[in-house]
Amino acid sequence: MIRLAVKDLRLFFRDRRSMILTFAIPIVLMTIFAFAFGGVGKTRQSNKITLLVSDLDNTPLSKKAILQLDSLKSIQLQAVTLEEAEESIKKGNRSCVLVIHIGFSDSLIKGAELPLELRYDEARGIEVGLIQQSLVPTIAMLPFNLLNSKQMIGNRLARMAGINDPKAKEAIKTQSDHLYDAISDGILRSGKRDKVNIASNFMGGDIKMTKLVRSTNDNQLGLIQAVAGTAVMWLLFSVVGVGMSILDEKHEGTLTRLLYTPTNPVNILFSKMISANVISILQLLIMFLFASLAFGLEIYSNLGGMLINIIATAFACSSFGILLASLAKNRSQVQGLSILIILVMSAIGGSMIPLIFMPSFMQKIAVVSVNYWSIQGFYDIFWRNFSIFNPTFISRISVLILIGIILNILAVIMFKKNILKLT
Amino acid sequence: MIEVKSLTKSYNGRKALKGINFTIQTGELYGLLGPNGAGKTTIISIMSSILDADSGEVTIGRYNLSTDAKSVKKVIGVVPQEIALYNELTAYENLLFWGGLYQVPGKELSNRANELLNLFGLEDRKNDKVGNYSGGMKRRINIAAALLHRPKVLFMDEPTVGIDPQSRNLIFEMIEKLHSQGMTIVYTTHYMEEAERFCNRIGIIDNGQIIAEGTLDELKSTISTKEIINITFSNINEEKANEIKSFWSDAKQSDTSILFKSSNVKFDLSKLVLKCNQIGLDITNVEIMKVNLETIFLNLTGKQLRD
């Protein structure tokens, strides 16, 4: 019995594919998820989300306010002009911008509503929601932290009561001193959350929310993520299967027989490419059609854009599958390699976890994966309502096609080197 | 028609072909006979332009292989050693596919496919998937797939390996029919019966070299004797082997056996048995072999074809 078990273990440890599946893939995925959910490092802090801020007020108080917001643990501020910010959001690079409008200082001093606005991309609602939640308490505390609070409370009470008479104002001011003492006492005795609640109840802390990039359907964010993410990941697995038919043909002798015919050897590879593309396009179409019928995904508003993105995605993915088959010497090598590469690409490219949860360096790495460009393309079409002539959408399609061309060139080289070698 | 000059090929430093020369006339059925690993498939691979020779020259018809491989591919048909068909396609679909690669026009291709299916006795099963065929039926379709474009030259690389007698006979009849129609055929095999049955000329190949070539009669005439006595011993050693070999004018050792040429087998066998007794060689087997390709090969190399 022990002898049999030892034999099984020996076979297991000699099988590279089993080793990759058992140890390498879980470790790689665990690492990616650890980075994604911010559990890495001694401080164990969550990843900071970058928030653009455009200071139109440009006063000492607005600058102090920015410093206060910058001290938040979950947010990293990046000062830009309003034009730059809007451009970045429209391209899908950032989710929102906090605009500090002219009159911020005056409003703060007068105890009026603060002219703060969050202009955002509706497609990134989850990220915007997180930012808004982080901002509100700090904004509510701004009057207490930046001003002579007694004066501010007096002004606020006067505004709340709608009183303009100087004598009445003076009376309120006297009373407000007592009120301030009471609020301060309450704040001092309260925990952090209650302190903010008291400040919020008294001061407000609302931010005007403005959709800069609109979606026609407010309930589709998660659906698009689920459909596009899953579709692209499984497409990669499917095309690897098509690519592997090259190795099957080599094994079964039909590849050699094809070489006996007057057919150009490279055409054999391109024929695989064509069939992989057709299958890929069909697979994506059926998946989106199913998502439309079963879950109500709105695909008909920009059918042209969807088709273009599907074709570009199919081309890039098919090229990846063909390259992988050209690189490997046998079927089991392809299977091991493909599982590793596809899962890693899908994890960093946004198929498994939305990119907003990733730290910024991983968001930068994401651009090396086909998944990233394809999923962003689907967001452009279904969420950002970009037309097929939108420069951002065109750039994503161009990248997918470029990836396909590069992978194809590599596949031809490797096909000649590995597959056609009969010796 | 086919001219092969000074062909050499090495794999990882091992010489697979050591200067192969032969000429085949139009309409000839030429057999390349040799054991496994002798270099037969390497020659076919080079002649069909899927493998580059290290040196040498191949001319098929008026085309030189090194300068006009595409034209060569159009006039040749190749029956590979392994069954190279798509199991998920029917026999008819397979034939249409392979014929299509030679640009045979649609209607003509369809007629040709049906003609071949009829010829190979598979018309009734034409719409069955090849994966459901027996080994012999697959072999027949494997040959038919090389004939759709009516090649002038047919290379057949051991086309009867692992086949049932019925299919083998059908294939033999087909080869004879194609030959009678004037097709030039290069047939590799390690079965001497096949080479003897229908090859006009035979090249015997061993260890990357053609060691004898000619018609069957010409090859037989290289051995002056009528028979070969093959005696196997249980206790042969170098001393005893040298003693018995010095006793007989033309003897060759092959492992524990020694081959003795004989023109009068009854007389020679008694002499040999007596001598073996004197030397102390224990005989375990005696085989009297008529002169054929097998014995010619044995005589030339000291090995059997199936070694």
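Residue numbers start from 1 in every chain, and the chains themselves are labelled A, B, ... in the order their sequence lines are given, proteins ahead of strands.
In this structure, no portion of B:A16 lies under 4.5 Å from any heavy atom of chain A. B:A69 does not touch chain A: none of its heavy atoms, backbone or side chain, sits under 4.5 Å away. The parts of B:L85 that come within reach of chain A are both its backbone and its side chain, each placing non-hydrogen atoms under 4.5 angstrom from that chain. In this structure, chain A has heavy atoms under 4.5 Å from both the backbone and the side chain of B:N142.
Side-chain contact between B:Y30 and B:Q25 is absent, with no heavy-atom pair separated by less than 4.5 Å.
Between A:D248 and A:R331 there is a salt bridge, with a side-chain nitrogen of the basic residue lying less than 4.0 Å from a carboxylate oxygen of the acidic one. The existence of a salt bridge linking A:K272 and A:E249 is confirmed by a sub-4.0 Å separation between a basic side-chain nitrogen and an acidic carboxylate oxygen.
With rounding to the nearest 0.5 angstrom, the OH atom of B:Y102 is 8.5 Å from the NZ atom of B:K73.
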